[in-house]
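To keep things clear, I will list the structure first and then write my remarks on it.
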Amino acid sequence: MVTSIEHINGMISDLRLQPVDFNKLFNGRKSLTPLESVELFLKEELQLKIDKQNRSRQRNAKLPYTKTIAAFDFGFQRSVTKEQMLQLSDMTWVEQAYNICFLGPPGVGKTHLAISLAVEGLNKGYVVAFETLENLIKILKTCEITTSSRRRLKYLQKATLIVIDEVGFMPLDATEANLFFSFISAMSEKTSLIITSNKGFDEWADFLGDQTITTAILDRLVHHCEIINMTGNSYRLEHHKSITS
Ligand code: ADP
Ligand code: MG
């Protein structure tokens, strides 16, 4: 049997396996038995496949940026403790489809903490997705006519954890509020949601436009939910950087 690296690489490509650097893989391991060689090759393929899936999960999560719990100043923001966040970062709550709501005024760190937990979820191998409410509504409105929205909705439906950021920033009309309700309802008990909102629950009817739909949404959302009310000053305003000083 004539073995050539081109032939092997051709089969790797036909089988849709990942390209392997054989020189690196077998370097210093010249005395392997045939079975050990096959095992080493398959282990490498498995690892490359896992790496590829991880990269694709990271990309598809569409986090706007990365934030960590380690980088959060719990001395500045005292409504939530580091212990609380570290406990939540074990991510066991996603197995029971619990939700988390970060509520509070702008700049207090709601999105930062939501993204930190999304990052923890990604690191633990979960399918995670991030959307602003505005974008989520856009997806729900256009999923029947736009391929990209249909694909994204499918991804959201298979996610274990979805961050819905900036709930309450824009008022919803009746159709949009109904779409939001249907989405929350479809996710409840199945998918964990992290919601950030600049409005307290008692103000949600203002932007949802209707008390009945608000009650129905909150009823599903808070059934299994950790509610973190954040107060205090805006970190942005207190730590603003100027160009000249
Ligand atoms: P919110 O979503 O509540 O409006 P963000 O989470 O977007 O606020 O925070 C605004 C900016 O300030 C971000 O860059 C965030 O990383 C930073 N920030 C907010 N609170 C803290 C904090 N306690 N420690 C460190 N950075 C913070
Ligand atoms: Mg925010």
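Heavy-atom basis, side chains included; hydrogens, waters and symmetry copies ignored. When a ligand or atom number is given, it counts from 1 through the structure's own listing order.
Scanning all protein heavy atoms for the shortest distance to atom 2 (O) of ligand 1 gives T111 OG1, 2.8 Å. For atom 12 (O) of ligand 1, the nearest protein heavy atom (residue, atom name, distance) is Y235 CD2, 3.4 Å. The protein non-hydrogen atom at the shortest distance from atom 8 (O) of ligand 1 is G109 N, 3.3 Å. The protein heavy atom nearest to atom 4 (O) of ligand 1 is G107 N, 2.7 Å. In terms of protein heavy atoms, atom 24 (N) of ligand 1 is closest to D73 N, 2.7 Å.
Atom CD of E238 is surrounded by more than 12 heavy atoms from other residues, nucleotides or ligands within 6.0 Å. The environment of I5 atom CD1 is dense: over 12 non-hydrogen atoms of other residues, nucleotides or ligands sit within 6.0 angstrom. A 6.0 Å sphere centred on CD of E134 holds no more than 12 heavy atoms belonging to other residues, nucleotides or ligands. Within 6.0 Å of NZ in K190 there are more than 12 heavy atoms belonging to other residues, nucleotides or ligands.
Considering backbone and side-chain N/O atoms, V108 comes within less than 3.5 Å of an N/O atom of ligand 1. Taking only nitrogen or oxygen atoms, main chain and side chain alike, P106 does not reach within less than 3.5 Å of ligand 1. The distance criterion of under 3.5 Å between nitrogen or oxygen atoms is met by H112 with respect to ligand 1. Backbone and side-chain nitrogen or oxygen atoms of F74 are examined, and none is located within less than 3.5 angstrom of a nitrogen or oxygen of ligand 1.
Comparing R236, K67, K110 by heavy-atom distance to atom 7 (O) of ligand 1, the nearest is R236.
In this structure, E203 contributes its side chain and G200 its backbone to a donor-acceptor pair below 3.5 Å.
Between E131 and R152 there is a salt bridge, with a side-chain nitrogen of the basic residue lying less than 4.0 Å from a carboxylate oxygen of the acidic one. The pair K141-E176 meets the salt-bridge criterion, with a side-chain N (NZ, NE, NH1 or NH2) lying under 4.0 Å from an Asp/Glu carboxylate O.
Remark: distances from the non-hydrogen atoms of A114 to ligand 1 are all 4.0 Å or more.
Annotation: side chain of F183 is in contact with side chain of I164 (closest heavy-atom distance under 4.5 Å). A heavy-atom distance below 4.5 Å is not found between the side chains of F181 and L208.
Below 4.0 Å from some heavy atom of A71 lie the following atoms of ligand 1, by number and element: 25 (C). Counting the atoms of ligand 1 from 1 in the order shown, those under 4.0 Å from a heavy atom of Q77 are 23 (N).
In this structure, F74 has its ring center no closer than 6.0 Å to that of F76.
Using a 30° and 60° split on the angle between ring planes, F22 and F26 fall in the parallel class, below 30°.
The parts of F72 lying near ligand 1 are both backbone and side chain, judged by heavy-atom distances below 4.0 Å.
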side-chain contact (heavy atoms from CB on, under 4.5 Å) evaluation trace for V108 with Y235: CA-CA 6 Å; V108 292; Y235 190 89; over 6 Å; no
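For a distance threshold of 2.8 Å, the protein N, O or S atoms nearer than that to the Mg ion (ligand 2), listed by chain and number, are T111 OG1.
The hydrophobic clustering, which links ILVMFWY residues whose side-chain heavy atoms are closer than 4.5 Å, places M85 and V163 together.
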